[in-house]
Every structure is written in C-alpha cells, then in structure tokens.
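Counting convention: from 1, in listed order, for ligands and their atoms alike. Basis for what follows: all heavy atoms, side chains included, without hydrogens, waters or symmetry-related copies.
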Amino acid sequence: MRVLVTGGAGYIGSHTVLTLLEQGHDVEVVDNLVNGKAEAVRRVGELAGRDVPLHEVDLTDADATDAVLARGFDAVIHFAALKAVGESTQKPLEYYANNMGSTFTLMDAMRRHDCRTIVFSSSATVYGAKAPVPYVEDYEPLDSSSTYGQTKVMTERILTDVAAADPAWRVALLRYFNPVGAHPSGRIGEDPQGIPNNLVPFIAQVAVGRRDRLSVFGGDYPTADGTAERDYIHVQDVAEGHVVALDAIVGGDAGVRVWNLGSGQGTSVLEMIHAFERASGREIPYEVVDRRPGDLPAFWADPTKAEQELGWRTSRTVDDMCRDTWTWQSQNPQGYDA
Ligand code: UFG
C-alpha cells in the first residue's frame, strides 16, 4: 500500500514508518518539523535500506497539504499534532487551532484525492478521570482534563461523524497508553524538546548526566508504593499495532473501529526508576515532590479487544523498554542534534 504518515518525523511516527517499510509498504512522510526531526526520517531510511520522501509541510496550510495528497495514497496514518499536556492548558487556542485545523485540512484533501482510509493517533487520556480501570473501548462519555486530551476526544468525534456521513471512510482510532522505549538499534528514539515532560525520557536524561535528579510527582497515591501507576508500552509494539490496525480496516468493513494499544499492566514510577537503574547500571537520584496537577493515580488498558480482533498484544516487557531507551540515549546523549 502507499501510505502517507503525518508526523512521521516524530517519535511514534518514525518507528511506525520503519515498521511499515519492513512490511513492504511504500511510505512518505509529511511533517512541519516543529517536534519532528528530518534526521529521524533519514535514519529510518538508512535502517530500511531505502529513501523515505519527507514533505516539510504544515497541515494547516491547505494548498501545500493538497499538493502532498495529490501524489496519491491508499491510506493515511495521522500522528501530527501538538502534544505537550501542560502547555496545552496554557495555550488552548493554539492547540485547538493546530490539532483540529490540521485534521480538517488533511481530511478535506484526502476526500478530494479519493483516499478515505485513516488511522488516527488517539490516547488513553480520552477516557477521562471518571472511567473505571481498566479502560475499555466502549466507555462513554469521553472526556479529558487537558486541552491536548480534548483535541483527541474532538478528533475522534469528527472522524466518527465524517464516516457516518460517507460510508466509504475506513477509520481506526488507536488509543495508546504510555509509549516508551526505542528501536533496538539505538538509531531512532524519543528526542523531546527542552526539559522532558514525560517520565521515561526524563529518567534517561538523568542516567546520561544531562539532568541532576528526577522529581517524582506524588508519593501519597493509593497504590502499593504510593507513586502513580501507568500502562507503559514499547514503541515497537505501538508501531506494529498501527500496521495490523491498518490491515484490519482495509480488509474489513468500512466505518469506525477503535482499539486500545496497551499491555493491561500498571507499573509505578518507582518500579520504572528501578527497572531503568538495572538496564543502565546507573543510579537515578530522585526526590518525591507534590503531585502534578491533572495526573490520575493509576490506569491501564483492557487489551482484550485488540487481541481478539487484531491478534495483536504487547510482546515487550518493561525491562525491554528500559534497555532500548538506554541504548538510544547512551548512543545519542543529545538526541538527533549531536
Ligand atoms: N512523572 C514523574 N516525574 C516526571 C514526569 C512524570 O513522577 O518528571 C510521573 C507522572 O506524575 C505520572 C507518570 O510519571 O504519574 C507518567 O507520566 P508521563 O508524563 O510520562 O505520562 P502521563 O501518563 O502523564 O501522560 C501520558 C501521555 C499523554 C497522555 C496521558 C494520558 O504522555 O500524551 O498519558 O493518557 F495524554
């Protein structure tokens, strides 16, 4: 298949592009390079043994987006979005304008060029604070405490309405839990801008000496060790989930399908610190500080639906995630900019 990957120069996008290429698909990337790096796409091409066309285009630019879609694609995997949870709440207009606007432009151009198959990068955050754990796909109403999360809720709704109006659309909504890790080669990985917001990239930068110590946000949660629990999932498992989901919507009925991509297991912040210490052989100094506003105590996926319908389940462990993150971080201490 000819697949266009939006945000393919970013963290999850770049790993998914590589997996698509390895499965024989023909892939092009569109990315505005605000978070993504051209070097990531170049390295994906190196790993796959073929060049990957990169279109440096902002999806809110309708004419430029139309020109990319005019190249002809069978399907789109849509990762491109602003993604910093804390920043989104400070800059709601920018987040709504970018994340919703780019989706409108993209879908309009897809429709014009007769491409109506899309896999959307959603998030476990759409379940909101009231959903019972583990999260199941048919839970309603969807809600999220951050503006970032609301852009995911709204985009899911828009895709659902579009598919209801035109039965030619095939849509997969993939709700990922906490993707971490890197390709085992250490050539591609997560390269956050500035101070990392997320746990594992922060731990990795402490281990490599870029940061002094980790702040553990909250030690008084109602969990076994008092720190918050999340469902961490290896980015390679996430990437493979996209490819099987794409195959399923292409080979199955039209309409909207939704799947969780998670392991079904919670891991606490302290457990993750200790796993990373084992993987890296480095001590991770940390201090427990106040809870981070908006954080939930503990959640994980019910992964049954993806397993039954896609034959997909996670195959990599937390130790694998830490080992591969460490390979990437130790080989690329400054990320792609080194
Ligand atoms: N944490 C720390 N210290 C840090 C960073 C994080 O203790 O420096 C803790 C958090 O408080 C949380 C856990 O580590 O308990 C995981 O935090 P992350 O920021 O790595 O991940 P979140 O679960 O907060 O966020 C993730 C995704 C978001 C998504 C959200 C909800 O990054 O895109 O899950 O599904 F919106």
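For atom 29 (C) of ligand 1, the closest heavy atom belonging to the protein is S123 OG, 3.7 Å. What sits closest to atom 28 (C) of ligand 1 on the protein, heavy atoms only, is V85 CG2, 4.0 Å. Nearest protein heavy-atom neighbour of atom 22 (P) of ligand 1: N178 ND2, 3.6 Å. The nearest heavy-atom contact from the protein to atom 13 (C) of ligand 1 is Y232 OH, 3.7 Å. Given atom 4 (C) of ligand 1, the protein heavy atom at minimum distance is F217 CE1, 3.3 Å. The nearest heavy-atom contact from the protein to atom 24 (O) of ligand 1 is R292 NH2, 2.9 Å. Of the protein's non-hydrogen atoms, the one nearest atom 23 (O) of ligand 1 is R230 NE, 2.7 Å. Summary of contacts: the protein heavy atom closest to atom 27 (C) of ligand 1 is N198 ND2, 4.3 Å.
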Determine, stepwise, if the pair Y286 / V269 fulfils side-chain contact (heavy atoms from CB on, under 4.5 Å).
-> CA-CA 11 Å; Y286 69 86; V269 175; over 6 Å; no
Go through W259 and F177 one step at a time and tell me if the ring-ring contact (aromatic ring centres under 6.0 Å, His included) criterion holds.
-> CA-CA 11 Å; W259 292 289; F177 283 70; over 10 Å; no
Chi angles and distances behind the side-chain contact (heavy atoms from CB on, under 4.5 Å) call for R170, R116 = CA-CA 6 Å; R170 292 166 189 273; R116 290 182 176 79; over 6 Å; no
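Ligand-side atoms of ligand 1 in range of D295: 10 (C), 11 (O), 12 (C), 24 (O), range being under 4.0 angstrom from any heavy atom. Heavy-atom contacts of T125 reach the following atoms of ligand 1: 31 (C), 35 (O), 36 (F) (cutoff under 4.0 Å). Interface of V216 with ligand 1, defined as ligand atoms under 4.0 Å from a residue heavy atom, comprises 7 (O). For ligand 1 and A228, the ligand atoms under 4.0 Å from any heavy atom of the residue are 15 (O). Ligand-side atoms of ligand 1 in range of A124: 35 (O), range being under 4.0 angstrom from any heavy atom.
Under 4.0 angstrom from ligand 1, there are no non-hydrogen atoms of F177. With a heavy-atom cut-off of 4.0 Å, V200 does not touch ligand 1 at all. Heavy atoms of V269 found under 4.0 angstrom from ligand 1 belong exclusively to the side chain. Within the 4.0 Å heavy-atom criterion, neither part of P196 lies near ligand 1.
Contact annotation: the side chain of N99 never approaches that of M154 to less than 4.5 Å [non-hydrogen atoms, C-beta and beyond].
At a 4.0 Å cut-off, not a single heavy atom of Y176 sits close enough to ligand 1 to count as contact. Proximity of F299 to ligand 1 is established by a heavy-atom distance of less than 4.0 Å.
A distance of 8.0 Å separates CZ in F104 from OG1 in T155, rounded to the nearest 0.5 Å. Atom CZ of R2 sits about 4.5 Å away from atom CZ of F73, to the nearest 0.5 Å.
Using a 4.0 Å cut-off between charged side-chain N and carboxylate O, K37 and D31 make no salt bridge. Of the charged side-chain nitrogens involved, at least one lies within less than 4.0 Å of a carboxylate oxygen, so that R42 and E39 count as a salt-bridged pair. The pair D319-R323 fails the salt-bridge criterion, with no side-chain N (NZ, NE, NH1 or NH2) lying under 4.0 Å from an Asp/Glu carboxylate O.
Shortest non-hydrogen contact noted between G262 and P303 is O-CB, 3.5 Å.
Considering backbone and side-chain N/O of L199, one or more are found under 3.5 Å from N/O of ligand 1.
Under the 6.0 Å cut-off for aromatic ring centres, H15 and F79 do not qualify, their centroids lying 6.0 Å or more apart.
Because its NZ or CZ atom is not both nearer than 6.0 Å to the ring centre of Y135 and within 45° of the ring axis, R175 does not count as a cation-pi partner of that residue.
Among S268, G219, S215, the residue whose heavy atom sits closest to atom 3 (N) of ligand 1 is S215. Nearest to atom 5 (C) of ligand 1 by heavy-atom distance, out of T227, N197, L214, is N197.
Residues E156 and S122 bring a donor and an acceptor atom of their side chains to less than 3.5 Å of each other.
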